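Since this is a predicted model, take the numbers as computed values, not measurements. Just so you know, ligand 1 is whichever comes first in the structure, and atom 1 is the first atom listed for that ligand. Residues take their numbers from the sequence shown, with the count starting at 1.
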Amino acid sequence: MAKQSFYNFDLTHLEECLKQQELKPYVAKQLFNWVYKKHITDFKAMSNIGKVAQETLSNVFIFDNLQIVKVLTDENKETVKFLFKLKDNNFIETVIMKFDYGYSVCVSTQVGCNMGCKFCASGTHKKIRNLETSEIVLQFIEANNWLLKNTNEHLSNIVVMGIGEPLDNFDNVVSALKIITCQHGLEIGSRHITISTCGLCNKIIDFAKALPQINIAISLHASNDAIRNKLMPINKTYPLSQLIETCKQYLEISNRRLTFEYILLDGINDSDENALELVELLKGLLCYVNLIPYNETYLSNFKRSKRVRQFFNVLNKNKLQATIRLERGTKIAAACGQLRIQHNDKEKN
Ligand code: SF4
């Protein structure tokens, strides 16, 4: 049997795997402790694991890594963008961002994306495959190692908002987040993690049941079905009425405040009428709206709205809580998927 990446196993899966190898389940916690706390990836160096068990483990698991192809940083090292090469020669992107509260990493969950959102660089390239659990966990580990080496700091937050729709790779994303939040694993607090979805209603509730403390951000980007249908094909499967109903169910389970992401596009979704419609749509929900100035790319014709502040003011006046997202990394192609696409295009030419 081919060896498997150790990073593919959350604690429960690891315990099951160890049982199959006739090892005691408690060894799983010891292994997590060595790998994720002490950063030891040589079974022979794990002193509380017996010799025979060490031998068995080294026949079952490998410790792989992601190959860093490119690292781009802005002048202040406040945004760092990685292009990683996977073992099948596909590429993914990961971004570190510095905030007042610390460093956050934005991880990808798929190679490409099938959701086809019209404003998104990743949506222009179909999904090739889901990332494995290990490939999600390793983005965190590699980014954290780079940060430690270059700034002597640690990652404190994660946003699952890179390339791909996380809930379309449900099992691997949930496993990766279990490793990341596990007290024996990477031990990042669930409340420091946000996962973003374009609105896969059938999976949002499952996710809330699996990991209720993790924050969810819904990519909304429109105040009515007519606009959302044009921007996000997923709206034809799960229209706004169903999405809002799902959000209500989600809130009953998690009681965590929801975030709605709203990219402002010139002349498309940025009028005062749209803002008022949004107020009406989200009335009564425990939520806030994150307004995002659009990063113009050569991949689409959308223009950045000049009405960001005005839109914000209308929401504010009508008591819908909103923030305007800080802009980062525009000079280093930080919009989701741009670096990978530029690299792929270059390889083709
Ligand atoms: S915005 Fe997210 S879900 Fe939509 S195409 Fe881009 S990566 Fe996929």
The atoms of ligand 1 lying under 4.0 Å from a heavy atom of Gly164, numbered in the order shown, are 7 (S)
Contact flag Cys117/atom 8 (Fe) of ligand 1, N/O/S atoms, threshold under 2.8 Å: no
Short side-chain donor-acceptor distance under 3.5 Å, Asp225 and Asn235: yes
Should the ring pair Phe6 and Phe63 be called parallel, tilted or perpendicular, given that the plane angle runs from 0 to 90° and is split at 30 and 60? tilted
Do the side-chain N and O atoms of Ser104 and Asn157 include a donor-acceptor pair separated by under 3.5 angstrom? no
Whether Tyr294 and Phe302 hold their rings parallel, tilted or perpendicular, with breakpoints at 30° and 60°: perpendicular
Look at ligand 1 and say whether Ser219 reaches it with a heavy atom at a distance under 4.0 Å. no
